[in-house]
Amino acid sequence: MYSQVLTSLPVLIPQFPDFSIVDQVSQFKQILAPKPLEILYEEGARSFLFLTVPPTDRAPIFLQQGSKVVKRLHPLIANYNAQLATIVDNFKARHKDLDQVTVFDTQPIFNTLPDNANALGFVNATGWCEAYQNGTAEKNTQIDPCAPVSSYLWAFTPFLALRGFLMFLELTKVG
């Protein structure tokens, strides 16, 4: 159920004792880092969609670690997103035959979710219930004393939160 890359070892070790962030970084450097855009381009790709990192500093796993962690994470996310934009601009400048190249800013969507959590029907936009930490079989599972798992904005992954945003768009359609 977990699809985020977590990088805080004190948080990870108790939940995932076999997890190795060192191995993950090594795999990233070996597999993805060697100019993946150029490889895709050479193979014929001409359209690209890049997603910025959402405001994960608002996710419970970081909020629970305190304001010091959140304050440190926020500029790191901004820096990464700025670097992504520069990389994409440079890529576009090198290859004039590209079709559509978009950097989609996820920040507005993922800020709208917690800012409108109550309107979207979420009970809790800043935490989760420990009873659900290993996932649930159904989205409406309820384990006392918790609200149903679907009531927690950040229940498992940001993609569950994105579902809430899509519900919000559907509910607020004009005409």
query = Can you name the closest pair of heavy atoms from N140 and P148 and give their distance?
reply = O-CB, 4.1 Å

query = What is the minimum heavy-atom distance between H74 and D57, and which atoms define it?
reply = ND1-OD2, 3.1 Å

message = For the CZ atom on R72, are there more than 12 heavy atoms of other groups (residues, nucleotides or ligands in this structure) within a distance under 6.0 Å?
response = no

ask   = Is it true that a side-chain atom of Q107 and a backbone atom of V53 form a donor plus acceptor pair closer than 3.5 Å?
value = yes

message = With clusters defined by side-chain heavy atoms of hydrophobic residues (ILVMFWY) lying less than 4.5 Å apart, directly or transitively, does L40 cluster with F91?
response = yes

note = Between the CZ atom in F62 and the OG1 atom in T56, the distance rounded to the nearest 0.5 Å is 5.5 Å

query = Name the one of I87, N81, V88, D89 that satisfies side chain to side chain contact (heavy atoms under 4.5 Å, CB included) with V103?
reply = V88

task = Take F48 and Q100 through the test side-chain contact (heavy atoms from CB on, under 4.5 Å) and record every step on the way to the result.
result = CA-CA 6 Å; F48 298 85; Q100 185 171 357; over 6 Å; no

Same apolar cluster: I61 and V70, side chain cutoff 4.5 Å = no

key: Shortest non-hydrogen separation from P108 to T112 and the atoms involved   = O-OG1, 2.7 Å

ask   = What distance separates F104 CZ from I109 CD1, expressed to the nearest 0.5 Å?
value = 3.5 Å

Hphob cluster co-occupancy, V149 + I143, side-chain heavy atoms under 4.5 angstrom = yes

ask   = Counting distance only, does the side-chain N/O of Y132 pair as donor-acceptor with the main-chain N or O of S150 below 3.5 Å?
value = no

request  = State plainly whether one hydrophobic cluster holds both F110 and L76, where clusters connect Ile, Leu, Val, Met, Phe, Trp and Tyr through side-chain heavy atoms under 4.5 angstrom apart.
outcome  = no

ask   = Quick one: does E38's side chain have a donor or acceptor within less than 3.5 Å of a partner on E42's backbone?
value = no

ask   = Any sub-3.5 Å donor-acceptor pair from T52's side-chain atoms to T106's backbone N or O?
value = yes

query = If you take all heavy atoms of P60 and T126, which pair is closest and at what distance?
reply = CB-O, 3.5 Å

inquiry  = Using modelled atom types and a 3.5 Å cut-off, is there a donor and acceptor pairing between side-chain atoms of N124 and backbone atoms of G127?
reply    = yes

Shortest non-hydrogen contact between L63 and R58, atoms and distance = CD1-O, 3.2 Å

task = Over all heavy atoms of both residues, which pair between A147 and Y152 is shortest? Give the atoms and the distance, please.
result = N-OH, 3.2 Å

